[in-house]
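Please read the structure below before turning to the comments.
In this text the structure is predicted, and so the values were computed from the model without any measurement. All values below come from the heavy atoms of this structure, side chains included, with hydrogens, waters and symmetry mates left out. Below, chain A is the first sequence line, B the second, and so on; all start at residue 1.
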Protein chains: 2
Amino acid sequence: MFSKACEYGIRAVIYIWSQSKKGNKLGVKDICKEIDAPEYFTAKILQALARQDIVSSTKGPNGGFYIDKEQENIHLMDLVVAIDGDKLFYGCGLGLKQCSAANPCPIHHEYKEIREGLARLLKTKTLRELAEEVSSGKATLHSII
Amino acid sequence: MFSKACEYGIRAVIYIWSQSKKGNKLGVKDICKEIDAPEYFTAKILQALARQDIVSSTKGPNGGFYIDKEQENIHLMDLVVAIDGDKLFYGCGLGLKQCSAANPCPIHHEYKEIREGLARLLKTKTLRELAEEVSSGKATLHSII
DNA sequence: AAAATAAAATACATTTTTATCTTTTATTAG
DNA sequence: CTAATAAAAGATAAAAATGTATTTTATTTT
């Protein structure tokens, strides 16, 4: 469903969120250790997210990634679109260039429901909520090894 | 959501179904022209599907792909799994190796709903039904060019 | 039996995704 | 001001997905 880049990105950002409340910044190495993701690859993703203003970052000692006031009301949807784009949310399930109610593919209507359900989920969930799930121990970002 | 291979595969098989009732076999070239898919690539996919007994084929003059009695009750799910595997239907949305109600990722419950909704759709739809949509003109397998 | 046909198999090429390593730049602590 | 730190940027590489072309095999028609 989501690309690997997106999976790592979501996990990384949720982790940053879950720690950012305490005001501290997080290094890529720490993040990747916690979420069990490849370091250099995840670094690239976070840098791209910083450029798109989904997360913030500073260089130098005590630097790292963190969440800024302006990023407080970001939804999971914004994050997913920033990494994977929005093709998943408007594209045809069977890959037709044009597919609509007027000219539908054989699964158009049912697939549309699924797609919209997913969009609804991602638009409903704020990063804040997801981070809270993790902070409170109700959810996890890595497999128990 | 689905791979390109899967998109082409679904469209190709639905088209074969929609024509197979008339008893005729279809060549790859004809299929690809109709569904607007790359010929050689789609041929590979259909060959793999023939090996997995999702469709039938014969070589030689008047040969081609067709649907056999034993393939009559195949669901869209069987086809998708034959091409893309079943990872989409059991895997974690955030890519965790272990993710369950007991040890959930932050979107486990909601994502599970989406995933199961998709599985339900694919398990409900038979190829026969989908082909009928196309035959009757209610649905299409290619963009109007 | 020979020629024609079409899938099957094989080989190859390109693009995208995933992943790693190195160098540069900005920032801060001492 | 200098050294240390950590992100940013750039280069490279491996793997997977996508796409194309050629050769082989099975079948049928003549």
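- Across all strands, B/Leu26 comes closer than 4.0 Å only to sugar-phosphate atoms, never to a base (heavy-atom distances).
- Here the P atom of nucleotide D/dT5 and the CG atom of A/Asp30 are 14 Å apart, to the nearest Å.
- Nearest-nucleotide positions on DNA chain C place A/Ala5 closer to the 5' end than the other of A/Ala5 and A/Asn62.
- In this structure, the side chains of A/Ile31 and A/Leu46 come closer than 4.5 Å at one or more pairs of heavy atoms.
- The separation between B/Ile31 atom CD1 and C/dA7 atom P is 7 Å, rounded to whole Å.
- Of the charged side-chain nitrogens involved, at least one lies within less than 4.0 Å of a carboxylate oxygen, so that B/Lys4 and B/Glu7 count as a salt-bridged pair.
- Taking 4.5 Å as the limit, some side-chain heavy atom of A/Pro106 sits within range of a side-chain heavy atom of B/Val134.
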Tabulate atom names and distances for all N/O pairs under 3.5 angstrom spanning the protein and nucleotides 23-26 of chain C.
residue, atom, partner, partner atom, Å
C/dT25, O2, A/Lys59, NZ, 3.3
C/dA26, O4', A/Lys59, NZ, 3.3

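- Summarising the geometry, the separation between NZ on A/Lys87 and P on C/dT16 is reported as 12 Å, rounded to the nearest angstrom.
- Rounded to a whole Å, the CD1 atom of B/Ile16 is 14 Å from the C1' atom of C/dA6.
- Distance from the side chain of A/Gln47 is smallest for D/dA8 among the nucleotides D/dA8, C/dC21, C/dA7.
- To the nearest angstrom, C1' of C/dT16 lies 13 Å from CZ of B/Phe41.
- The side chain of B/Tyr40 sits closest to D/dT22 out of C/dT18, D/dT22, C/dT22.
- The distance from atom CG of A/Asp78 to atom NZ of A/Lys123, rounded to the nearest 0.5 Å, is 10.0 Å.
- Separating the CD atom of B/Glu7 from the P atom of D/dA17 is a distance of 14 Å, rounded to the nearest angstrom.
- The CD1 atom of A/Ile83 sits 17 Å away from the C1' atom of C/dT16 (whole-angstrom rounding).
- At least one donor-acceptor pair under 3.5 Å links the side chain of A/Gln52 to the backbone N or O of A/Ala82.
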Short N/O separations, protein against nucleotides 11-15 of chain D, under 3.5 angstrom:
residue, atom, partner, partner atom, Å
D/dA11, N6, A/Lys44, NZ, 3.4

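- A distance of 15.0 Å separates OH of A/Tyr40 from CD1 of A/Ile45, quoted to the nearest 0.5 Å.
- In this structure the side chain of B/Leu49 never reaches within 4.5 angstrom of the side chain of B/Phe65, judged on heavy atoms.
- Between A/Tyr8 and C/dA19 there is a side-chain polar atom (N or O) within less than 4.0 angstrom of OP1 or OP2.
- Enclosure of atom NZ in B/Lys112 is not indicated, since only 12 or fewer non-hydrogen atoms of other residues, nucleotides or ligands lie within 6.0 angstrom.
- Among the nucleotides C/dA19, D/dG19, C/dA8, the one closest to the side chain of A/Lys4 is C/dA19.
- Looking only at distances, a side-chain donor or acceptor of A/Arg11 sits under 3.5 Å from a matching main-chain atom of A/Asp36.
- When rounded to the nearest whole Å, the span between NZ of B/Lys25 and P of C/dA8 equals 13 Å.
- Counting only heavy atoms from C-beta outward, the side chains of B/His75 and B/Thr126 approach each other to under 4.5 Å.
- Taking every heavy atom of residues 51-58 of chain B and every atom of DNA chain C, pairs under 4.0 Å involve B/Arg51, B/Ser57, B/Thr58, by number.
- Under a 3.5 Å cut-off, the side chain of B/Ser143 and the backbone N or O of A/Leu96 do not form any donor-acceptor pair.
- Under a 3.5 Å cut-off, the side chain of A/Ser20 and the backbone N or O of A/Trp17 do not form any donor-acceptor pair.
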